[in-house]
S.K.: 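Shown below is the structure under consideration.
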Amino acid sequence: MNLLARSLAVSLISFASLSFTAQAQTAQQGNPNFKPQVGQAGKDVIWVPTPDSLVNRMLRMAQTTEKDFVVDLGSGDGKINIAAARDFKARGLGIEYNPDMVAVSRRMAREAGVDKMVEFRQGDIFKTEFFDATVVTMYLLPQLNLRLRPILLDRMKPGTRLVAHAFTMGDWEPDETSVVENRYGYLWIVPANASGNWRVNVAERAVGNFTMDLNQTYQRVSGNARLNADIEANLIDPELRGDQFKFALRAVDGRVLTYTGTVAGNRITGTVTGNGLNSTFTAERSGAPRQIHSGTDANSRAMNN
Ligand SMILES: C[S@@+](CC[C@H](N)C(=O)[O-])C[C@H]1O[C@@H](n2cnc3c(N)ncnc32)[C@H](O)[C@@H]1O
């Protein structure tokens with residue numbers, strides 16, 4: 001091939017690839033005047049919008065405020081993010097695979113006057129990072145919730161609120177359920193991992209230091225404390241909500257004291273109260289925490305493949 005022919009061929013290839021990129025960009029941008037049809041195909045699930053009354057209830061279950069960053073996984077026409085911004089002043093991100101729906105949601109956000117507060121991004125929920133969310137909303141399918149479950153439990157900050165329309169998360173029991181006009185909304189609060197062996201030091205020396213061994217499945221914690229060489233006792237009514245951990249324990253002298261603390265990595269700090277006592281405690285975890293969910297069970301593994 002002579003020089004002219006070669007440079008012509010190169011120009012043709014670059015032109016072809018440029019126009020291909022331009023076409024792809026147009027497709028990516030989507031049509032803001034697209035008319036969505038309820039039931040239209042989506043990548044992993046069809047589009048059906050959540051009714052306004054349940055959107056409002058889900059955002060209330062999550063106790064959404066202006067401090068929150070709400071991520072809707074599969075955001076459709078953007079109505080959940082738009083309601084969160086308009087009614088709760090919360091910023092947000094909607095992740096939606098269909099570029100036309102992304103364009104529609106951007107237009108609707110502009111019309112609602114909340115386009116500065118919400119972003120809509122074209123993408124696959126399984127390939128997009130959303131770890132800065134404080135509230136995650138979903139109206140997907142049971143198997144998609146299960147596929148998301150290990151990501152939500154392991155990667156989201158403790159205390160992140162997850163709200164789902166219609167579908168649960170396998171054996172991870174919701175913290176709260178609401179039914180609005182016969183439709184179910186579920187709330188889960190991502191728990192800290194409090195499992196393992198802890199050494200607890202109580203500032204009030206009379207109470208005595210102790211060790212405790214905690215088991216945890218999702219947000220449910222149980223465990224025993226070894227108070228001294230002779231006495232082991234169970235934790236009474238342990239309760240974990242996000243990073244807030246509360247339990248009672250009968251001390252060696254017989255008093256039932258309440259421990260209320262914050263779990264941060266391998267440390268818990270908080271207060272010890274009851275029977276006129278008002279003291280503080282710290283706990284340090286020795287060894288590694290245990291896995292708190294069945295994220296690698298056969299079911300989830302199959303879903304992730
Ligand atoms: C049942 S609709 C829910 C829409 C909105 N969240 C609501 O509750 O009104 C599910 C949406 O997820 C989108 N979707 C399906 N698979 C997806 C994927 N892998 N990544 C991003 N979006 C997806 C669909 O296009 C559809 O708009």
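Note that ligands are numbered from 1 as they come in the structure, with each ligand's atoms numbered from 1 the same way. Keep in mind that what you see is a predicted model, and the values were worked out from it rather than measured.
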S.K.: Is Glu96 near ligand 1, meaning one of its heavy atoms is under 4.0 Å from it?
M.R.: yes
S.K.: Check whether any side-chain heavy atom of Met212 lies under 4.5 Å from a side-chain heavy atom of Val200, and answer yes or no.
M.R.: yes
S.K.: Looking at Trp47, which atoms of ligand 1 are within less than 4.0 Å of one of its heavy atoms?
M.R.: 2 (S), 4 (C), 26 (C), 27 (O)
S.K.: Asp72 versus ligand 1: do any nitrogen or oxygen atoms come within less than 3.5 Å of each other?
M.R.: yes
S.K.: For Tyr97, is at least one N or O under 3.5 Å away from an N or O on ligand 1?
M.R.: yes
S.K.: Counting only heavy atoms closer than 4.0 Å, does ligand 1 sit against the backbone of Leu73, its side chain, both, or neither?
M.R.: neither
S.K.: Is it the case that the side chains of Asn145 and Arg149 hold a donor-acceptor pair, with the cut-off being a distance below 3.5 Å and no angle test?
M.R.: no
S.K.: Are a donor atom and an acceptor atom from the side chains of Thr262 and Asp243 found within less than 3.5 Å of each other?
M.R.: no
S.K.: What closest approach, in Å, do Arg226 and Asn228 show between heavy atoms, and which atom pair accounts for it?
M.R.: NH1-O, 3.1 Å
S.K.: Quick one: closest heavy-atom pair of Arg285 and Ser195, and the distance?
M.R.: NH1-O, 2.7 Å
S.K.: As an exercise, state the distance from CG of Leu144 to CG of Asp44, rounded to the nearest 0.5 Å.
M.R.: 5.5 Å
S.K.: Specify the protein heavy atom at minimum distance from atom 3 (C) of ligand 1: its residue, its atom name, and the distance to 0.1 Å.
M.R.: Val48 O, 3.5 Å
S.K.: Just which atoms of ligand 1 are under 4.0 Å from any heavy atom in Asp124?
M.R.: 18 (C), 19 (N), 20 (N)
S.K.: For the pair Tyr259 and Phe210, name the ring-plane relationship: parallel under 30°, tilted 30 to 60°, perpendicular over 60°.
M.R.: perpendicular
S.K.: Looking only at protein heavy atoms, which one is nearest to atom 5 (C) of ligand 1, and what is the separation?
M.R.: Gly74 O, 3.4 Å
S.K.: Which heavy atom of the protein is the closest neighbour of atom 19 (N) of ligand 1, given with residue, atom name and distance?
M.R.: Asp44 OD2, 2.8 Å
S.K.: Just distances here: any N/O of Asn98 and N/O of ligand 1 closer than 3.5 Å?
M.R.: no
S.K.: So Tyr186 and Trp188, would you call those rings parallel, tilted or perpendicular, with 30° and 60° as cut-offs?
M.R.: tilted
S.K.: Please state which option from Leu54, Thr50, Val45 has its nearest heavy atom closest to atom 9 (O) of ligand 1.
M.R.: Thr50
S.K.: Going by heavy atoms, is Ala41 under 4.0 Å from ligand 1?
M.R.: no
S.K.: With salt bridge (Lys or Arg N to Asp or Glu O under 4.0 Å) as the criterion, how do Arg241 and Glu239 come out once you've worked through the C-alpha distance, each side chain's angles and the decisive distance to 0.1 Å?
M.R.: CA-CA 7 Å; Arg241 200 170 165 89; Glu239 215 180 275; over 6 Å; no
S.K.: Could you work out, for atom 2 (S) of ligand 1, the closest of Val38, Ile46, Ile125 by heavy-atom distance?
M.R.: Ile46
S.K.: If you take the nearest heavy atom of each of Gly39, Gly123, Gly42, which one is closest to atom 21 (C) of ligand 1?
M.R.: Gly123
